[in-house]
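Each remark here refers to the structure printed beneath this line.
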Amino acid sequence: MADIHVEEFYKDAAIALVQLYGAFPRRINLFVEDIAGPDEPDEFGLHSKRHMACFGALLWLAEEGLLRYVDTIRQEALDQAVLTRDAFIRLSAPAPETLTSEFGIPKETAAGNLPPSVQEDLSTHIHLIRRALRGGNSARISQIMQATFFADRGNY
């Protein structure tokens with residue numbers, strides 16, 4: 001089992017990427033509170049560790065070339081964030097068959113009941129991420145995010 005902060009990182013990154021993909025190619029403000037939940041700064045105006053971990057995850061996504069943004073809004077949000085080309089291509093690309101067979105389309109549905117274009121859509125990384133988030137299983141979210149982050153870039 002992964003450390004809880006790593007599982008939270010994967011969940012935060014997944015939520016952020018889904019939000020950005022859903023708005024692509026528009027730029028949006030990416031609020032930490034929308035991802036990690038409400039936060040009340042303490043009497044000194046400092047945010048919780050959870051809030052700051054989520055904010056750090058957003059900055060990491062930018063540093064790793066998955067998103068761009070114009071500025072930060074204090075430690076509350078990224079201003080005018082958008083997916084990079086590489087992130088859009090990776091999220092839109094088909095996930096490995098081993099992953100889609102385990103977490104994607106049920107075999108009986110995929111066996112011929114769906115048109116090929118729909119089957120292709122349902123096998124993308126972004127679809128698997130959305131499905132994992134709906135299911136709420138931290139281990140599944142982590143596994144799919146690892147596959148998305150660490151997939152062989154030569155295939156894209």
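Numbers for residues simply follow the sequence, beginning at 1.
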List the residues meeting side chain to side chain contact (heavy atoms under 4.5 Å, CB included) with [X], not counting sequence neighbours, and say none if there are none.
X	value
R68	R27, V82, T84
A139	N137
R85	I89

Is the distance between the ring centroids of Y10 and W60 less than 6.0 Å?
->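 No, they do not, as the ring centres are separated by 6.0 Å or more.
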Distance (rounded to the nearest 0.5 Å) between R50 CZ and F55 CZ |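 It comes to 14.0 Å.
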CD1/I141 to CD1/I129 distance, rounded to the nearest 0.5 angstrom?
->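 CD1 of I129 is found 10.0 Å from CD1 of I141.
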Side chain to side chain contact (heavy atoms under 4.5 Å, CB included) between L78 and L67, worked out | CA-CA 10 Å; L78 299 184; L67 67 86; 3.8 Å; yes
Does any N or O in the side chain of D42 come within less than 3.5 Å of the main-chain N or O of G45, such that one atom is a donor and the other an acceptor?
->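 Present.
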Donor-acceptor contact below 3.5 Å, side chain N29 vs main chain Q80 =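 Indeed, once roles are kept as given, a pair shorter than 3.5 Å links the two residues.
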Side-chain touch [X]/[Y], heavy atoms, less than 4.5 angstrom:
X	Y	answer
R130	Y21	yes
E76	E33	no
K11	L133	yes
R90	D86	no
H51	S48	yes
L20	L91	no
L30	Q19	yes
P96	H125	yes

Check whether [X] and [Y] end up in the same hydrophobic cluster, where Ile, Leu, Val, Met, Phe, Trp and Tyr are linked by side-chain heavy atoms less than 4.5 Å apart.
X	Y	value
V18	L83	yes
I73	I15	no
L17	F31	no

So, E40 versus H47: side-chain donor-acceptor pair below 3.5 Å or not?
->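 Note: E40 and H47 side chains miss the donor-acceptor criterion.
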Closest heavy-atom contact between L128 and A95?
->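 Shortest heavy-atom separation between L128 and A95 comes out as CD1-CB, 3.4 Å.
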Thinking salt bridges, do K49 and D39 make one under a 4.0 Å N-O criterion?
->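 No, this pair does not count.
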F88 vs F24 aromatic rings, parallel, tilted or perpendicular, using cut-offs 30° and 60°?
->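 Rings of F88 and F24: parallel, under 30°.
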Determine, stepwise, if the pair Y69 / L59 fulfils side chain to side chain contact (heavy atoms under 4.5 Å, CB included).
-> CA-CA 9 Å; Y69 63 97; L59 295 176; 3.4 Å; yes
Only one of T72, D12, I35 passes side chain to side chain contact (heavy atoms under 4.5 Å, CB included) with L58; say which it is.
->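 Answer after filtering T72, D12, I35: I35.
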